[in-house]
Structure formats: C-alpha cells, structure tokens
Amino acid sequence: MSEIVAESLLHLDSSISRSGDSVSRQLTTLFAATWRERHGTAGYTYRDLAVDPIPPVTGDFATLGQRVERHGFAPPAEVPGLIENAAEHREWELTRPLLTEVLTADTVLAGVPMYNFSVPAAFKAWIDRVGFPGAFTEPGTRASLLRDTRVVIVTARGGAYGPGSPREGLDFQVPFLRAYFRRLGVAEENLRFVYAELTRAADIPQLNGFRHQAAASLEAARADVTELAGGALEVIP
Ligand SMILES: Cc1cc2nc3c(=O)[nH]c(=O)nc-3n(C[C@H](O)[C@H](O)[C@H](O)COP(=O)(O)O)c2cc1C
C-alpha cells in the first residue's frame, strides 16, 4: 500500500487581457491543468490579480512593517500584537492571507507579462505585500521558510530580449523577479522562468517578419510548462 503525498499549487495570473488573448494565461492554464492531472484539485489555489486587484500598500503598511523590524522580525503569528490602530489592522488583513497562501504552497506559479520593461502593477502590488518583513523567516534559525518552495514564473513579452536582440539589456522584468524571490529565500535551483517572446509579432507590422520565431518561442514555452508541471510524484512506501 502506498500513499501519494499531497502537493499544493498557488496559481497567480496578472495579465490585463482575457484568457483567449493572453499568452501568459494560456500557459499558466496549461501548467495548472497538467499539474491537476497528476495531483488532483485539493491542493490547488487560484488568484487572479488583474480581475481581483490587491490594493497597493500604504503608509500604515510601512509603519507596521517598521515596527515588526524593530522587534527583530516578529513572525506573522505575533504581528497582531504589534498593531496599533484600525488602519494598520486593515493593512494586515489585506496582507496576511497572501502570506499564508505562499507559505502553504509547494509551488507558486505566476503568469507575468512584461509591461514597460517590468511587471504589471497588479503583480507589483502582490510583491509589495508578500515582501512584508520577517514573513518567511523561521524563528530561531533565521532560515527562510521558502527554501524548498518552487517558483515558476511564466513571462510573455511582445518583443524579444535575448542575447543579440536590439532590446538586450532592457529586460527589467526577469532580473527584478529573480532578485525578489532570491531575497525571500527561494533557492536558485527552485526558481524557474518560462519565456514566450514576440507575442505581438502578428499584430505589429515591424514584427511581422518574426512570426516564425514567435511560434517557436510559444511552442518551447508550452513544452517547458508541461515538463515543469509534470514533476515526479513523491510516493511514501
Ligand atoms: C501596458 C503594456 C505594456 C507593455 N510593455 C511592453 C514592453 O515594455 N515590452 C514588450 O516587449 N512588450 C510589452 N507589452 C506587450 C506584452 O508584453 C505582450 O502583449 C504580452 O503577450 C502580454 O502578456 P499576455 O499575452 O499574457 O497578456 C506591453 C503590453 C501592455 C498592455
């Protein structure tokens, strides 16, 4: 008799485009469907940051965070005891569920289009809240609670940013996301990026000549997503 270990997936989308038009949404949908085939639906959580936007952080968020830092990075369970007013309470109520979702996920999957060389504002709002001081620091050891968490970022860009392209050096999306998740304590080997490039090749006349490269990029992204979603099952004998 063997038992399959329950796995959990937190699936985030942040494209402002509807699923039929959004490359990142199509790819994260493929990941999630492949993942659910292997692991079932019990551990699956979905959050659409564009449809249900998270309010941007405020000065009360910063004040509460600074107080937590002065207490030597109080863990989330101790934060309520440090709250001094209703505005800080509201900020914490907006933030705590996001931290819980990340803490309970074995894999965080995020669809993140490139907007103006960086990430959508809806995703940045999530980033700012999830960066709450001390949220992922193990009390005592100071190790990151996310050291075993897998993070898969599915990027979609209208243009191309690889070596030798005219826009090489203008990618402020992936380096930013890598720095952010590494600072949270995600291990380099658990941090994966999938790239769909030239997604606007069919629409923008100057990019029409790149339609074949766009199709190849999408095909490669679909293969990457399918492989990453089909990770080996862990079985307890
Ligand atoms: C507000 C906005 C800003 C964009 N900025 C860029 C950009 O800086 N570089 C780029 O290559 N594409 C840019 N694009 C194109 C998107 O990256 C591209 O359409 C991508 O496929 C969007 O992801 P989605 O298909 O999941 O919606 C932008 C699109 C929008 C809507």
Side-chain angles (χ1 to χ4, degrees), residues 9-36 44-57 98 101 105 107-130 150-181 191-229:
L9 172 67
L10 171 61
H11 173 180
L12 307 168
D13 275 318
S14 60
S15 170
I16 53 174
S17 298
R18 285 179 293 274
S19 51
D21 301 326
S22 163
V23 175
S24 64
R25 284 179 185 275
Q26 289 165 26
L27 288 165
T28 59
T29 298
L30 174 61
F31 185 113
T34 309
W35 186 92
R36 283 193 304 257
Y44 177 72
T45 302
Y46 182 63
R47 187 179 275 278
D48 193 325
L49 298 167
V51 171
D52 295 312
I54 290 165
V57 291
L98 308 179
E101 284 174 6
T107 300
V108 178
L109 164 72
V112 187
M114 177 184 277
Y115 288 169
N116 294 304
F117 306 114
S118 183
V119 301
F123 196 67
K124 182 61 164 51
W126 181 89
I127 277 177
D128 287 341
R129 290 201 178 273
V130 169
R150 205 164 62 119
V151 175
V152 178
I153 306 286
V154 176
T155 70
R157 296 99 173 264
Y161 294 82
S165 67
R167 287 187 166 183
E168 182 181 358
L170 295 181
D171 178 358
F172 298 96
Q173 178 194 32
V174 169
F176 162 62
L177 292 170
R178 174 169 276 118
Y180 174 76
F181 284 106
L191 184 53
R192 301 298 179 88
F193 290 90
V194 175
Y195 300 85
E197 293 207 310
L198 293 161
T199 62
R200 307 296 311 284
D203 309 316
I204 299 174
Q206 299 92 307
L207 294 180
N208 280 172
F210 294 101
R211 274 184 285 203
H212 289 306
Q213 285 98 319
S217 178
L218 182 59
E219 207 42 52
R222 289 178 62 87
D224 286 349
V225 153
T226 307
E227 189 189 331
L228 287 167

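Note that ligands are numbered from 1 as they come in the structure, with each ligand's atoms numbered from 1 the same way.
Looking from atom 19 (O) of ligand 1 to the surrounding protein, the closest heavy atom is Arg200 CD, 3.1 Å. For atom 10 (C) of ligand 1, the nearest protein heavy atom (residue, atom name, distance) is Tyr161 OH, 3.2 Å. Among all protein heavy atoms, the one lying closest to atom 31 (C) of ligand 1 is Tyr115 CE2, 3.7 Å. The protein atom (non-hydrogen) at minimum distance from atom 12 (N) of ligand 1 is Gly158 N, 3.2 Å. Atom 8 (O) of ligand 1 has as its closest protein heavy atom Phe117 N, 2.8 Å. Taking atom 13 (C) of ligand 1 as the reference point, the nearest protein heavy-atom neighbour is Met114 O, 3.4 Å. When only non-hydrogen protein atoms are considered, atom 5 (N) of ligand 1 lies nearest to Asn116 N, 2.8 Å. Closest to atom 22 (C) of ligand 1 among all protein heavy atoms lies Pro113 CB, 3.6 Å.
Shown in contact with Ser17 at under 4.0 Å from a heavy atom are these atoms of ligand 1, numbered in order with element: 27 (O). Residue contact check: Gly159 has heavy atoms under 4.0 Å from atoms 10 (C), 11 (O) of ligand 1. Set against the non-hydrogen atoms of Arg167, the atoms of ligand 1 under 4.0 Å away are 9 (N), 10 (C), 11 (O). Here is the list of ligand 1 atoms found below 4.0 Å of a heavy atom in Val23: 24 (P), 25 (O), 26 (O). Numbered from 1 in the order shown, with element, the atoms of ligand 1 that lie under 4.0 Å from a heavy atom of Ala156 read 17 (O), 20 (C), 21 (O), 23 (O).
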- side chain to side chain contact (heavy atoms under 4.5 Å, CB included) assessment of Val112 paired with Gln173: CA-CA 9 Å; Val112 187; Gln173 178 194 32; 4.0 Å; yes

Under 3.5 Å donor-acceptor pairs involving side-chain atoms of residues 210-217, not counting sequence neighbours:
from	atom 1	to	atom 2	distance (Å)
Arg211	NE	Asn208	O	3.3
Ser217	OG	Glu197	N	2.8

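Listed for the Thr107 side chain is no donor-acceptor partner under 3.5 Å among the backbone atoms of Leu9. The backbone N or O of Gly20 sits less than 3.5 Å from a side-chain atom of Gln26, completing a donor-acceptor pair.
In this structure, Leu191 CG and Ile153 CD1 are separated by 6.5 Å, a value rounded to the nearest 0.5 Å.
When every heavy atom of Val23 is checked against every heavy atom of Ala156, the shortest pair comes out as CB-CB, 4.2 Å.
Under the side-chain contact (heavy atoms from CB on, under 4.5 Å) test applied with Leu109, the options Leu10, Val151, Thr28, Leu228 reduce to a single match, Thr28.
With a 4.0 Å heavy-atom cut-off, ligand 1 is reached by the backbone of Ser24 and by its side chain too. Using a 4.0 Å cut-off between heavy atoms, Ser15 contacts ligand 1 through its side chain alone, with no backbone atom that close. Only the side chain of Thr199 comes within contact range of ligand 1, with a heavy atom under 4.0 Å; no backbone atom does.
Look at Arg167 and Asp171 and you find no salt bridge, because none of the NZ, NE, NH1 or NH2 atoms lies under 4.0 Å from a carboxylate O.
For Asp203, the salt bridge (Lys or Arg N to Asp or Glu O under 4.0 Å) criterion is met by Arg200, not counting sequence neighbours.
Geometric assessment of Arg157 against the ring of Tyr195 yields a negative cation-pi assignment under the 6.0 Å and 45° thresholds.
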